[in-house]
Amino acid sequence: MAVYFDHRIEAPNPAASPSIISWHNLHTLLAVGSVSPTSGGCVDIYSELGDHVSGAHVERSYQPSLLSWHPTKKLLAVGWAIGEVLILNEPDKEHHGVPSTHSTEITLLEWSSNNSRLISGDLNGLLFMWKLDQRGRVQGGPLLKLDYLKPLTHCLFKPMAPEEDMAPGQSAVSGDEKARICSIHWVNEQSKSSPIIGMDSPAQKLIFLEKKSVLVVVTENLLLSQFFVSPEGDTEEISKVKLTGRISKTADIICVNNSLLITATGESVIRFWDLERDDNYVLFLDDQMGFEAEETINCISYCPAKAILAAGTSRGKVAMWSKVPDGRKSLRSEGKECWKLNTPTELEGNITQITLISNIFSPGSFASDSPVLAIHEENVYTVEPGRVQIRTLQGTVKQLLPFSVSEGNPCMLDICRTFLVVATDAAHFKLFDLSRREAKAHSNCKNLSELVPGLGSIVSIRCNANGSKVSILANRADGHLDSKMYFYDVDLDTVSYFDFWNGQADQQDSQPTMDTNPTETTKLLDRIPISHFWDQSEPRLLVCEAMLAIPNSAHSSPKHNQLVEVSHGKEDILVMSFFSTQEHGLLLQESFPRPVAFQSLLGIEVPHYYFTRKPGEDEDKSERAEEDTPHIPNMVAKKPLRDFIGLEDCEKATRDALLNFSFYLTVGDMDEAFKSIKLIKSETVWENMARMCVKTRRLDVAKVCLGKMGHARGAKALREAEQEPEVEARVAMLAIQLGMLEDAEQLYKSCKRYDLLNKLYQAWGQWEKAMETAENHDRVHLRATYYHYAKHLEATGDRNASLTYFEKSDTHRFEIPRMLLDNPQNLETYINNKKDKILWKWWAQYLESQSDLDTALKYYELAQDYLSLVRVHCFLRNIQKAAEIANETGNLAASYHLARQYESQGDLKQAVHFYTRAQAYNNAIRLCKENNLDDQLMNLALLSTPEDMMDAARYYEEKAEQMDRAVMLYHKSGHLSKALELAFATEQFGALQLIAEDLDEKSDPALLARCSDFFIQHNQFEKAVELLLAAKKYYDALQLCLEQNLIITEDMAEKMTVSKNSKELSEEARRELLERIADCCMRQGNYHLATKKYTQAGNKLKAMRSLLKSGDTEKIVFFAGVSRQKEIYIMAANYLQSLDWQQDPNIVNNIIMFYTKGRALDLLAGFYDSCAQVEIDEYQNYEKAMGAMMEAYKCLSKAKMRSPEEQERRISDMQNKITLVKRFIQARRTYSADKQEAIRQCEQLLEEPDLESAVRFGDVYGFLVEHYAQQGDFQKAYRCLEEMRSKIPSVNLSYYVSQSTVEAVYRALSIPLTHQTTEHVRHNSIEDGEEVEEEADIDYDG
């Protein structure tokens, strides 16, 4: 059998097999007793690292049977198989024997509580007590000798009370193993022994509980007995319990804190029994941690200093349970939940004995002047000028690592796993491999100043676990800290960096990943790294501390020529972890502010970050050990990595999978991250994965995680949340199910789902926030929030506060009576104070249920519940009072109830009256019919529903009396056919007229026709027409209008007009009907309506003719513009020529436009000719007339007349006119320059035969007269006047020649004017006495 510690013990005798071991309680010394088949046995002492202590070897020809260390001194008592007892003094390397008093195997060795006594016992029952000095030598003979004649197995000293005197010893002993019985003896101060307890089975464990003075005995058959022991040694049995477990001699039993019994009986469990509370529980081996199904626990040991329970198994594993702190003060006050099983240590063989110690020792020391040092395994690395020394723990130099003068003196060391990196004061660095017996160079010595120009000295240097990367912090050339961290890749021999100031990187094939939101990114910038560490086993993982930096200048980043101040004391320091790979570069994995209780980063080893604590900042109470364990201040603290929270003690496979998961999650590859942990069975791992899904919003992965966790409720909630449109809302539900309430709160806020945020606050118990959210953002649920808060306050017993919120939620009218019903007095006070009608009514109903009718009436009256008032008064037979209330209030329900009462009493008059007031007319009608109250029946039926009217009408019809009432009721109820039928049958013509007024197109056509015939017979033709139109007999209605000369109104015409999509008439018949309507309107002179109907019929020509008859110029112009037909354009232009177009240029323009659009150019030429004549006759404006003639000539040239000869003639005539007019205009224009030429031209014009067709004779003669008069040739002037008179008989000379000129001519020739008469006949001119309007400005230029 082999014994294991940190190293396998190399025993002096390799053939010897260890049989017993014993650790010293205070010193790191291990005693091992071995058995050799050839030489007998031996005892050796070893240090903590397994090294044999020189001079501590004892060998005998027989085997050792028992080992017992002195409680404080380095003295070991050894019992041998032949009865020898030997004391080994380890410091002095001495062996001292105890006098030979035993002759058989030593079975008992026990040191006293005052450390100066040793009890020895043997297999025959002999017991001796010895006194030893400081060096372990026996002083004199035995202090006590007792012979029990039975094997001695156990012994313990009873601690004495302070008032007791010191005595040689007190002990209890059990024996007689062969007889399978046990007797326990008491030895007092006088060395007298007496039996005090007898047991049926040999004792397995003795425990004395000092506080209660109770002796606990556990036998081999696992019977636990407790006895009270008096100071005199008397005992009294307190309890006896049979423990559960396998009965075996090899059962291992320990007692923790004098109250918790822990047993290992060769099963796969460890059993706990609380002696104080009589409670028990069990710890199991977990197969997920690597334990096998049939693996059993052989031995156990407990370390109170570290609260660790260790167990050795049959398959060579050491299982360890650590106590999980939760703030409780005592270990025994907790159950199995306080124990956490850690990853086991695998050894070889079957472990039969195990012991835990917690001692600290110094394996060696030596003096050194090295400013830095590092330790790896059993080597210490120090520096001196020009080299690195590798020493043993005792200081012996084993190897030297030299550096040249140019490389500088080593000043920094860092070891990670099996690699050492050394930095020098000349900014050189070199990497060494320590995995072999001697350190070997892993890289050449590199000069950082050459790799990165502009840098000064190295501040800090670290290497990763596989020696592929070196990270460096450096000063710039000016001596200030650089904000960059530099990375040297050993394989690629390249340098890259990451700048903590601006987040920029210089990496060959990748960029740094800092995928955080802008706020978080800002927090990560403007910093300078101050420390950095690589993980001891994961070469990709790096952690650093970055301090907030303050540049002196206002530039955006610290340049080489700027100073950088680093604030101390109140600096903001972030701890940032990265993954560093060749493929992805530097990836930010996690960042968080350094906790205030921590002083600096110490390193990283998955799954924890390690920090040094600030002085005075000790562990939290929840982390402290039990009150029975001495408290040792812990200056080092640890914090789990984000992805390892709850999984700090996972096995290596799980840890590696989680690392890959964290890496791929940082890269952003969720699929690979999921694959890396899909085989992990730990619910905690999947819970962490689900928590990360909240950050990454990967709900598809979250569903799988919840399934792996067995979180059925969360999976259901997440599935139901899929109906939410916002992704944030769905992720928030996942966060809620995982207990991440703060994250859910922020998610709901980000997507503005204040309704769900309100529900979260309510479920969370954050009622103030819930109400604030409802008041500001979710007012639709404000009342519901108040209501739920009120219910919460009621549940917590705060009724006064709940009243307020029930009122705010407007549910106080039913919730508060329910809540206060057990206290009617308070409820009545509340109701009276509120003065609410609904509450008054509720209280009145409550009082009525309690038979307090008088008070109930009072509250019914306050509530104005008149029905209840009438009901109660009727119950009390106060019918008169009830009637007064019903009449005064007019309440329908009260009146109805009272009517029922009167009907039951047979008072029909009052019953009908109150049924009527209650508007329950059907009940009143029923009573009238049953009791022949016909007069009241008619009035009630008219007030009631159509169904009641019909019922009353049938009643009158069946009685065959008062048929006019039946007809009226049928009419009012809407049954017109029945009313008409009855009216015709009874010849009620007046009723017929009333009924006919309500007939419309929805009525029966046959009925309408019958009514129309009736009205025709009675010469009411207009009504007959309306009914015919309602019956859709349009031709009959139209014929009736024609025969009786009824004016067709627009409403009638619209009723006669059938829509285009109607199926009543074909399109041809519809148009024919419309034209007949229009013809009728034409006959009646309703031209506008006729135009409308002609237009609806599609006959625009007739519509235009009708419109022309109306003389509505504006509508004619509009209709012509929208019709777009040649004939209509011409008709409109012709009509406009009949108007006074000379005075309105708009009419002229419309005439020209319509003739042009109608392509009637010959007509347009005629119009221009007319315009020219008007200009000549009315205004003597030959220039404008000339323009009009030119336009006429153009139109005639373009026209396409039916007779070409006629067209040629008209063109020739127009050319002749234009020529004559041009000659006259030319003559008048020439007059100012050459008067004689102008007179000659005029005289030639007078000789033209067709002059009058173009130029008026009067205008030419008038021109000549005016000329001769101005020249004083009055004779010629007179002759021209006479010629004009001869050619234009009855001419008014003053029209062509001014009256003053005529008088001057006659006066000059002495011809009297008496024979001249004033002529009123003018050639195409207005009378002289009329006022001539201003000439209209008409443009004839087209």
Nearest 0.5 Å, what's the [atom1]-[atom2] distance between [X] and [Y]?
| X | Y | atom1 | atom2 | answer |
| --- | --- | --- | --- | --- |
| Ile879 | His873 | CD1 | NE2 | 10.5 Å |
| Leu898 | His913 | CG | NE2 | 8.5 Å |
| Lys759 | Thr785 | NZ | OG1 | 10.0 Å |
| Ser809 | Arg783 | OG | CZ | 7.0 Å |
| Arg779 | Asp755 | CZ | CG | 15.0 Å |

**Prompt:** Centres of the Tyr754 and Tyr748 rings: under 6.0 Å?
**Reply:**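 No, they do not, as the ring centres are separated by 6.0 Å or more.
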**Item:** Output field: ring centroids Tyr902/Phe914 closer than 6.0 Å
**Value:**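 Ring centroids of Tyr902 and Phe914 are less than 6.0 Å from each other.
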Any side-chain heavy-atom pair of [X] and [Y] under 4.5 Å:
| X | Y | result |
| --- | --- | --- |
| Gln910 | Glu903 | no |
| Asp743 | Lys695 | yes |
| Tyr761 | Met771 | no |

[X]/[Y] ion pair, N-O < 4.0 Å:
| X | Y | result |
| --- | --- | --- |
| Lys834 | Glu807 | yes |
| Lys837 | Asp865 | no |
| Asp907 | Arg900 | no |
| Arg753 | Glu726 | yes |

**Asked** Does the salt bridge (charged side-chain N to carboxylate O under 4.0 Å, His left out) test come out yes or no for Glu720 and Arg730, once each step is laid out?
**Response** CA-CA 9 Å; Glu720 292 175 349; Arg730 300 195 290 271; over 6 Å; no
Could you check whether any side-chain N or O of [X] sits under 3.5 Å from a backbone N or O of [Y], counting only pairs where one atom can act as donor and the other as acceptor?
| X | Y | answer |
| --- | --- | --- |
| His777 | Thr773 | no |
| His711 | Gly714 | yes |
| Arg697 | Val727 | no |
| Asn891 | Ala894 | yes |

Least distance between heavy atoms, [X] atom then [Y] atom:
| X | Y | result |
| --- | --- | --- |
| Leu757 | Lys749 | CD2-CG, 3.8 Å |
| Asn758 | Ala774 | ND2-CB, 3.7 Å |
| Ala882 | Cys874 | CB-SG, 4.0 Å |
| Leu706 | Ala715 | CD1-N, 3.8 Å |
| Ala770 | Gln762 | CB-CG, 3.9 Å |
| Leu734 | Ala690 | CD2-O, 4.0 Å |

Not counting sequence neighbours, which residues clear ring-ring contact (aromatic ring centres under 6.0 Å, His included) with [X]? List them please.
| X | value |
| --- | --- |
| Tyr846 | Trp842, Trp843 |
| Tyr866 | none |
| Tyr789 | Trp767, Tyr805 |

**Request:** Identify, with sequence neighbours excluded, every residue that meets side-chain hydrogen bond (donor to acceptor under 3.5 Å, both in side chains) alongside Gln845.
**Result:**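 Testing Gln845 for side-chain hydrogen bond (donor to acceptor under 3.5 Å, both in side chains), a comparison that skips the adjacent residues, returns none.
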**Request:** Applying side-chain hydrogen bond (donor to acceptor under 3.5 Å, both in side chains), name anything that partners Lys752, two or more places apart in sequence or on another chain.
**Result:** none
**Request:** Could you walk me through whether Leu747 and Val694 pass side chain to side chain contact (heavy atoms under 4.5 Å, CB included), step by step?
**Result:** CA-CA 10 Å; Leu747 286 166; Val694 174; 4.3 Å; yes
Would [X] and [Y] count as having a side-chain donor-acceptor pair, cut-off 3.5 Å?
| X | Y | value |
| --- | --- | --- |
| Tyr786 | Glu775 | yes |
| Glu815 | Tyr787 | yes |
| Thr855 | Asp852 | yes |
| Asn832 | Tyr859 | yes |

**Prompt:** Checking salt bridge (charged side-chain N to carboxylate O under 4.0 Å, His left out) for the pair Glu794/Arg818: CA distance, chi angles, key distance, verdict?
**Reply:** CA-CA 11 Å; Glu794 180 187 356; Arg818 173 195 56 76; 3.0 Å; yes
**Asked** Can you list the residues that meet the side-chain contact (heavy atoms from CB on, under 4.5 Å) rule with Ala763, with sequence neighbours excluded?
**Response**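 side-chain contact (heavy atoms from CB on, under 4.5 Å) list for Ala763, sorted by chain: empty.
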**Request:** Please lay out, stage by stage, how Ile831 and Ile816 fare under the test side chain to side chain contact (heavy atoms under 4.5 Å, CB included).
**Result:** CA-CA 10 Å; Ile831 291 173; Ile816 291 179; over 6 Å; no
**Message:** Let's go through Leu760 and Gln766 carefully: what are the C-alpha distance in whole Å and the side-chain angles of both, what is the deciding distance for side chain to side chain contact (heavy atoms under 4.5 Å, CB included) to 0.1 Å, and is it a yes or a no?
**Reply:** CA-CA 8 Å; Leu760 172 63; Gln766 303 281 345; over 6 Å; no
**salt bridge (charged side-chain N to carboxylate O under 4.0 Å, His left out) between Asp822 and Arg799, intermediate numbers included** = CA-CA 13 Å; Asp822 56 349; Arg799 287 190 171 186; 3.4 Å; yes
**Asked** side chain to side chain contact (heavy atoms under 4.5 Å, CB included) between Tyr860 and Leu867: does it pass, once the steps are laid out?
**Response** CA-CA 9 Å; Tyr860 278 135; Leu867 170 61; over 6 Å; no
